[in-house]
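What follows is a short report on a single structure.
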There are 2 protein chains.
Amino acid sequence: MAESTATKDRLVETARKLFWNQGYSATGVAQILKEAGAKSGSLYYFFPTKEDLLREVLERYKALLMPAVMEPVFAKITDPIERVFGVLDAYRRGLLYTEFSGGCPIGNLALELSDAHPEVRRLIAENFTGWTDQIRACLDAAADRLPADVDRGQLASFVLTVMEGAVMQCRAYRSQEPFDAAIAQLRDHFDRLMRERSRSVVSG
Amino acid sequence: MAESTATKDRLVETARKLFWNQGYSATGVAQILKEAGAKSGSLYYFFPTKEDLLREVLERYKALLMPAVMEPVFAKITDPIERVFGVLDAYRRGLLYTEFSGGCPIGNLALELSDAHPEVRRLIAENFTGWTDQIRACLDAAADRLPADVDRGQLASFVLTVMEGAVMQCRAYRSQEPFDAAIAQLRDHFDRLMRERSRSVVSG
DNA sequence: GTCTATATATTGATAGAC
DNA sequence: GTCTATCAATATATAGAC
């Protein structure tokens, strides 16, 4: 029973990495089994189909959001606006560390699979929502520095949009320049939003 | 000879649509042949491998950029800034028309294949560059309405970043809301840039 | 729960007639 | 250039012993 959980975990973790690096369709069950050091009997004991394994991987990503993505940044940065840019910088460093093969695993799967399987699409959307909820919370914590009429939910969605689009271009160009360009523009946008706020406080 | 060109074109066009809807790995050669009404002997007469066919598809996208993407927008809109948002709106309408399965075919392939094949990656990057070059030209044409110190190449890259990231979220949520949110924020950013310029002209 | 062995379908690609 | 027939490899998945 203890060993079986270890095997299941190893299968999910191996599949997670391979789906990330190669995509879902391009990753064969045989490769997952080989790299996880397991046999097909074990995999199909836990997961009736390859797609069930994918769903478990997407559940794992939901569980990893706070401990692996947000909390390491939040532990080092307290200012809520800087937390947003700290999260973005973590993705930037991930790109550099993986020589532009990394990026965002959810984004990859979103474009590959959003049409195919409804349940999978729902889990991808839930991963996005978990991410933007955290960004949204940062923006709410900095509400007094932003114009009162800013739609913070919309702005949080925009932050994810910018991150995903920037990662995509960096992978195509194998360069961090598109990311740096995107962050520079997003930072400029935030600066202008916060400048307006400080003006309206003075004049109001 | 005339017929052979027709067959080749049909194969490329069929592959283009299938790669767009299903991805490269998920599309089998057999399906391409069936929907193009051709046999494997024809396909492998023109293309030694499936990847050669993909490269031809990416060349076709480069050829389609002006007639299929830019010119229809430019024909209706003359203001350079509005041309930028007109191009973005065309993608938005494409998403709605395809019920969120459409989006940007290059973006899909970028995340699926940028790591795998160097030649393919280069062609994807060239497609991105062709797109941003057109946006860049619009921004240059409106240079007198933007702050003098704005990096217009960086801003053009940012426009693509926003488009691609927005399309991705729309497909995951099957909703146009993330796109509308992104455009609202980008429009706000442009408005603030242009407002700064008009202030500096008055004060300078 | 994990193993071996295997089923069945499909993959990308080839050979050779026409 | 296009056809038919087919290859070898790989795909996901299953059966049944242990």
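Only heavy atoms go into these numbers, but all of them, side chains included; no hydrogens, no water, no symmetry mates. Per chain, numbering begins at 1; letters A, B, ... match sequence-line order.
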Tabulated below should be each protein N or O lying under 3.5 Å from an N or O of nucleotides 14-18 of chain D; please produce it.
| from | atom 1 | to | atom 2 | distance (Å) |
| --- | --- | --- | --- | --- |
| dT14(D) | O4 | Ser40(A) | OG | 2.7 |

Taking the side chain of Phe46(B) as its heavy atoms from C-beta onward, which of dT2(C), dG1(D), dC3(D) lies nearest to it? dG1(D)
Less than 6.0 angstrom from the centroid, inside 45 degrees of the normal: does Arg92(B) satisfy that with respect to the ring of Phe179(B)? no
Verify the distance criterion only: is there a donor paired with an acceptor across the side chains of Arg122(B) and Asn127(B) at less than 3.5 Å? no
Looking at Asp9(B) and Arg60(B), is there a salt bridge between them, counting it only when a charged N and a carboxylate O are closer than 4.0 Å? yes
Among the nucleotides dA13(C), dT2(C), dA11(D), which one has an atom lying closest to any side-chain atom of Lys50(B)? dA13(C)
Nearest-Å distance for atom pair OH/P, residues Tyr45(A) and dT12(D): 22 Å
Please determine whether a side-chain nitrogen of the Lys or Arg among Glu51(B) and Arg121(B) lies less than 4.0 Å from a carboxylate oxygen of the Asp or Glu. no
Apply salt bridge (charged side-chain N to carboxylate O under 4.0 Å, His left out) to residues Asp89(B) and Arg93(B) and explain how you reach the verdict. CA-CA 6 Å; Asp89(B) 190 58; Arg93(B) 279 181 286 110; 3.1 Å; yes
Distance-only donor-acceptor check, side chains Gln169(A) and Glu164(B), under 3.5 Å: no
In whole Å, what is the span from the CD1 atom of Ile32(B) to the C1' atom of dT10(C)? 14 Å
Contact class for Ser25(A) vs. all strands (heavy atom < 4.0 Å): base, sugar-phosphate, or nothing? nothing
I need the CG-P distance between Leu53(A) and dA13(D), as an integer number of Å. 10 Å
Bracket notation of DNA chain C in which parentheses pair within the strand, [ ] cross earlier pairs, and | pairs with another strand (Watson-Crick or G-U, under 3.5 Å): |||||||.||||||||||
Using whole Å, what does the distance between atom P of nucleotide dG1(D) and atom NZ of Lys8(B) come to? 9 Å
Is the Phe100(B)-Tyr173(B) ring centre distance short of 6.0 angstrom? no
In this structure, how many angstroms lie between the C1' atom of dT2(D) and the CZ atom of Arg10(B), rounded? 11 Å
Spacing of Leu54(B) atom CG relative to dT11(C) atom P, expressed in whole Å: 17 Å
Just how far, in rounded Å, is P of dT2(C) from CG of Leu43(A)? 11 Å
Cation over ring face, Lys50(A) and Tyr24(A), 6.0 Å, 45°: yes
Kindly say if Ser42(B) contacts the phosphate of dC3(D), meaning a side-chain N or O under 4.0 Å from OP1 or OP2. yes
Would you tell me whether Glu35(B) and Thr14(B) have side-chain atoms, one donor and one acceptor, within less than 3.5 Å of each other? no
Check whether any side-chain N or O of Thr7(B) sits under 4.0 Å from OP1 or OP2 of dT2(D), and answer yes or no. yes
Considering only dT2(C), dC3(D), dT4(C), which nucleotide approaches the side chain of Lys39(A) most closely? dT4(C)
Nearest-Å distance for atom pair CG/C1', residues Leu11(B) and dC3(D): 14 Å
